[in-house]
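Written out below as structure tokens is the structure these notes cover.
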Amino acid sequence: MGDIDYQSLQLDYRPLPTGSPTHHPVIVVGAGPVGMSMALDLSRHGHRVVVLDDDHTLSVGSRAICFAKRTLDVWDRLGVAERMVRKGVSWNVGRLFFRDAEVWNFDLLPEAGHRRPAFINLQQYYCEGYLYEECEADPRIEIRWKNRVTGIEQHGDGRVTLTVETPDGAHTLSADWVVACDGARSPLRKMLGQEAHGQIFRDRFLIVDVKLEADFPTERWFWFDPPFHPNQSVLLHSQPDNVWRIDFQLGWDADPAEEVKHEKVLPRIRALLGDDIDVRIEWVSVYTFACERMDSFRQGRVFFAGDAAHRVSPFGARGANSGVQDIDNLTWKLDLVMRGHAPDALLDTYGEEREYAADENILNSTRSTDFITPKSETSLMFRNAVLRLATHHDFARRLVNSGRLSEATFYTESSLNTPDTDEFTPGLPVGAVAPDGPVTQDGHTIWWLSRLGGQFTVALFCDEELPEPELLTHLVNPGSQSIPVRCILVVPPGLEGDVSPGIEYVVDHDAVLAGRYDVRSGACYLIRPDQHIAARWRAVGIAQLCEALQRATRAQEVSSCHN
Ligand SMILES: Cc1cc2nc3c(=O)[nH]c(=O)nc-3n(C[C@H](O)[C@H](O)[C@H](O)COP(=O)(O)OP(=O)(O)OC[C@H]3O[C@@H](n4cnc5c(N)ncnc54)[C@H](O)[C@@H]3O)c2cc1C
């Protein structure tokens, strides 16, 4: 499929046919990147979903550009990442400059054997355009444009009603569950009497997308106090279609209306790139940033995700990336509860885990912003001393902070985890995201993560012997569990011939997984539908597995425990 001009796409308002249902199992409010990802994930779990959006356009001007490996892994699970990666600019390397010298450079993904790079850069309108097209092609998803939610009420009988204004007037819908992905200003948050608490930074940033022909490397370049923009910072990123993103820190006193004028912007760009470069400004805007979140992401039967729940500064690219991780966390829990496989209490852990993640993101984002924009003379002196030392000293490099870039949050403190009873390398704790790696299936090299996700997986890593037949028979018999669990054997080369027909297996042909999962002489991992590790053992029995599954789902009992 070719690319269209997503920025000027006008999406159709469709009047509701007479007699269309007024009650839906789930309604998502907001068709931004988070709302559309939520809709796709619900559909992949077999649920029909209605999405309401007050607008009829996609992102205009590029807001987000950096999408992280973890987000791409989630979008792979939803079947939309490949197109984004093909269009996007992949990068792993960042360079830091202080004044006119390079201080240091870093590689965010130095090891091979991962399907996706540390980051791609892709304009938010492409990202939204691809998500939208995927939603449009899905018969279980209905996006209703120009449908503004103006009222919400929760009832004792488990229904939520929404008042929706459309070009044809207002009507009421009801749902069992509502997911509010209605952005940073979140009208739903206000309607439910909730506030976001945090900090607004007293600084302004000029953000410019320019089109130009240049053969700079596809790396992230960040300058502290450069000669072409003294006392401030500058960030440069490449995007598809020869578009480059430049962020100029301006200071709090800058006048936004003046700064966006092209006659003011062009000299700044020329000072950075040189006079002889031919540039065309695509988009320009001045921003201030906030780090804040709601106290509780669950409000009865309404869940808040993405910017509606939390906001961060763009240093570190944690906005949309963490929003996609929200929906990754929420959907499987909602799915199990909607199917009656898990109790309502499982949904409380959405708040527990994602509020923890939001705090981690806000902490990282605040620290970056403080380092980039020192608030006092002393902080500025400290910052500059660190930058000088970082050229030669490793300890100082660890203090340099131009935006610690988005990574998946490890739910190490989650109440859904079964703590280790056996010894494993601490680098991969319970609660971490399952690492990827190349494996062989049916003679083809595939990615391990493509076998995980959407449901619980028991990964049995075999050493020289296959596990007890009784354990396998139990695990692969789909009738034996109320909660669907998939079992995959991971075997070293040469053992595949011993695997009985009907048992799913992959070959760890280069022992990449054996190393990443610290398998040594075999191990068993219980991996959640969102690919986080729930439990693991060096050797496991059915009772232990069932207990861990019960804990990870808050289920009263898992039927197979009593078999
Ligand atoms: C300059 C800039 C650079 C950024 N860079 C990055 C980056 O590199 N990486 C990154 O991950 N993030 C980045 N971000 C953040 C990112 O853009 C946001 O986090 C992301 O758009 C949030 O997505 P969302 O779906 O939660 O909300 P939004 O994209 O805001 O979508 C909310 C939707 O809800 C709809 N809506 C609102 N009210 C109603 C209502 N009452 N009824 C119905 N619909 C409603 C809106 O029309 C909108 O479509 C950046 C942001 C900025 C400003």
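One-based numbering, in listed order, for ligands and for the atoms of each. All residue numbers refer to positions in the sequence shown, counting from 1.
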* Could an N or O of ligand 1 be found under 3.5 Å from any N or O of Ile65, whether backbone or side chain? -> yes

* **Val149, any N or O under 3.5 Å of ligand 1 N or O** => yes

* Please identify each residue that fulfils side chain to side chain donor-acceptor pair (under 3.5 Å) with Asp307, with sequence neighbours left out. => none

* Identify the closest protein heavy atom to atom 31 (O) of ligand 1: which residue and atom is it, and at what distance? -> Gly32 CA, 3.6 Å

* State whether the side chain of Lys190 and the backbone N or O of Arg185 hold a donor-acceptor pair below 3.5 Å, judged by distance alone. => yes

* Structure fact -> among protein heavy atoms, the one nearest atom 18 (C) of ligand 1 is Asp307 OD2, 3.3 Å

* **Residues that Arg397 engages under salt bridge (charged side-chain N to carboxylate O under 4.0 Å, His left out), provided they are two or more places apart** => none

* With distance as the sole criterion, is a donor-acceptor pair present between the side chains of Arg63 and Tyr287 under 3.5 Å? -> no

* **Asp253 bridged to Arg204 by N-O distance under 4.0 Å** => no

* **Any side-chain donor near an acceptor of the partner, Trp223 and Ser233, under 3.5 Å** => no

* **Option nearest atom 13 (C) of ligand 1 (shortest heavy-atom distance, choices Ser285, Cys181, Ala309, Ala64)** => Ala64

* Asked: Just wondering, do Leu131 and Met84 contact through their side chains at under 4.5 Å, heavy atoms?
  -> yes

* **Contact check: Asp53 vs ligand 1, nitrogen or oxygen atoms, below 3.5 angstrom** => yes

* To do: Before signing off on this row, confirm whether Met191 and ligand 1 have an N or O atom pair separated by under 3.5 Å.
  => no

* Would you please determine whether Asp247 falls within less than 4.0 Å of ligand 1 on a heavy-atom basis? => no

* **Check: Thr331 side chain, Asp328 main-chain N or O, donor-acceptor pair, under 3.5 Å** => no

* Within the structure, does Arg245 bring an N/O atom to less than 3.5 angstrom of an N/O atom in ligand 1? -> no

* To do: Starting from atom 3 (C) of ligand 1, find the nearest protein heavy-atom neighbour and note its residue, name and distance.
  => Arg63 O, 3.2 Å

* Does the N or O separation between Ala305 and ligand 1 drop below 3.5 Å for any pair? -> no

* Identify the closest protein heavy atom to atom 37 (C) of ligand 1: which residue and atom is it, and at what distance? -> Asp182 O, 3.4 Å

* **Backbone or side-chain N or O of Val34 under 3.5 Å from ligand 1 N or O** => yes

* Salt bridge Asp55-Arg148, side-chain N to carboxylate O under 4.0 Å -> no

* To do: Classify the contact between Val29 and ligand 1 as side chain, backbone, both or neither, using a heavy-atom distance cut-off of under 4.0 Å.
  => side chain

* **Contact with ligand 1 for Pro187, non-hydrogen, under 4.0 angstrom** => yes

* Under 3.5 Å, side chain of Asp241 to main-chain N/O of Val243, donor-acceptor pair present? -> no

* Asked: At under 4.0 Å between heavy atoms, which part of Arg311 makes contact with ligand 1: side chain, backbone, both or neither?
  -> neither

* **Nearest-contact summary for atom 44 (N) of ligand 1 - protein heavy atom, Å** => Asp54 N, 3.1 Å

* Structure fact -> min-distance protein heavy atom vs atom 53 (C) of ligand 1 -> Tyr287 CE2, 3.3 Å

* To do: Salt-bridge test for Arg116 and Glu82: reply yes if a basic N is under 4.0 Å from a carboxylate O, no otherwise.
  => yes

